[in-house]
2 protein chains.
Amino acid sequence: MKEELSSVLNLFADFNEEELAEVLNCFNSKVVSKNEILLYEGKVCNEFYFVKSGCLRVYFTDRNGSEKTRYLMLDHHIGTALSSFISREPSFEFVEALDNSEILLIKHSDFYKLLETNVPWQKFYTRILEMAYSFQDKKIEQLVTLDARQRYEKVIEENPILIQKVSNRILASYLDIREETLSRLKSQ
Amino acid sequence: MKEELSSVLNLFADFNEEELAEVLNCFNSKVVSKNEILLYEGKVCNEFYFVKSGCLRVYFTDRNGSEKTRYLMLDHHIGTALSSFISREPSFEFVEALDNSEILLIKHSDFYKLLETNVPWQKFYTRILEMAYSFQDKKIEQLVTLDARQRYEKVIEENPILIQKVSNRILASYLDIREETLSRLKSQ
């Protein structure tokens, strides 16, 4: 049931059998339907997700009401609306299922309880934070240094599965380009 | 010499005397001159800074050559070009002294050596990463949800010292608005 999550955890830190079991016990399965919203803007984020299959999206809306996609979680990805999960303040982001998805989730209280006693889980969390920060920083850099074509070429190079799995509307909002521009780039 | 740094460390985690001494021993003093560049774009970031007095700035340039200021470190702030410090890849950011500044710095190798043995230092680092991620996320949100006036009002509310300490050119690049717009907002 939780083999894929075990593999991901072991990529980030060295868990012994007991430590791993303690972590896995805190994760619960959930099946979510396409278009289901797991977190609304304005609510405090209380869950951290692992995607077994399907796709979750973290997004927010700008001052014109346009959706901006921050992060896409496909098979075996982890994540959540991390700022609100950390700060316990209302989220400005939504979490949505883009497909019917099987997920595992851990509640905030269990997540932080584990941090007090489970040393590899602390390492796992530190590594997650490092990656989340670097990912965010790289995204900002690319938004201001690359034009639409270069951003599209970058995603082909670094994350081609997004082009197959995600609609043009969502991919355009992820790359922060217009949907018509994306269609033109795809056809060229 | 290092009292201010001790206070900041103790805000983030509970160090005993020995653990604190071990950390402080790894920090070295440096005096830097106004406009001195501590890290150039394209170099790997090997240092993490604490500002005793003065001001450091982390910035990068967009595809039109305009400077974008990501982070300003005034008295008793900590930070660096964090993505490169973590990834060991060349930095897209510069670190620059905006004033004559007295700083303390720790080298990357010492920083990571401490992480292996010094438990409060691990907690300190996790807390830094949480704050850096949340700060970055909030900045992205504000850039897409607030207009120039609202960003200016936000900085008056949350970080008024920046308005006194930093030139209009730098503050405008921090808020990602034009310098003329900032001058107009200030005069109103």
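All chains are named by letter (A, B, ...) in the order of the sequence lines, taking the proteins before the strands, and each is independently numbered beginning at 1.
Under the 4.5 Å side-chain criterion, counting only non-hydrogen atoms from C-beta, A:Thr145 is not in contact with B:Phe92. Using a 4.5 Å heavy-atom cutoff, the side chains of B:Thr126 and A:Gln122 are not in contact.
Linking Ile, Leu, Val, Met, Phe, Trp and Tyr residues whenever their side-chain heavy atoms come within less than 4.5 Å places A:Ile128 and A:Val8 in a single cluster. Under the 4.5 Å side-chain heavy-atom criterion for Ile, Leu, Val, Met, Phe, Trp and Tyr, B:Trp121 and B:Phe85 are members of the same hydrophobic cluster. Taken together through direct or relayed side-chain contacts under 4.5 Å among Ile, Leu, Val, Met, Phe, Trp and Tyr, A:Phe124 and A:Leu82 form part of one hydrophobic cluster. Following chains of ILVMFWY side-chain contacts shorter than 4.5 Å, one cannot reach B:Leu74 starting from B:Met131, and the two form parts of different hydrophobic clusters.
Closest approach of B:Leu129 to A:Glu130, counting heavy atoms only: CD1-CG, 3.7 Å. In terms of heavy atoms, A:Arg127 sits closest to B:Ile86 at NH1-CG2, 4.3 Å.
Heavy-atom proximity under 4.5 angstrom to chain A picks out B:Tyr112 from residues 94-119 of chain B. For residues 159-188 of chain B, heavy-atom neighbours of chain A at less than 4.5 Å comprise no residues at all. Within residues 18-51 of chain B, no residue has any heavy atom less than 4.5 Å from a heavy atom of chain A.
Neither the backbone nor the side chain of A:Asn64 comes within contact range of chain B, judged by heavy atoms closer than 4.5 Å. Heavy atoms closer than 4.5 Å to chain A are found in the backbone of B:Thr61, but not in its side chain.
Between chain B and the options A:Phe135, A:Tyr133, A:Phe60, A:Tyr125, the largest number of non-hydrogen pairs under 4.5 Å is found for A:Tyr133.
Residue pairs satisfying the side-chain hydrogen bond (donor to acceptor under 3.5 Å, both in side chains) criterion with at least one member in residues 73-84 of chain B, sequence neighbours excluded, are listed as follows: A:Asp137-B:Ser83.
The side-chain contact (heavy atoms from CB on, under 4.5 Å) test with B:Ile140 singles out one residue from A:Lys139, A:Arg70, A:Gln136, and that residue is A:Gln136.
More than 12 heavy atoms of other residues, nucleotides or ligands sit less than 6.0 Å from atom NZ of B:Lys2. Atom NZ of B:Lys138 sits in a sparse spot, with 12 or fewer heavy atoms from other residues, nucleotides or ligands closer than 6.0 Å.
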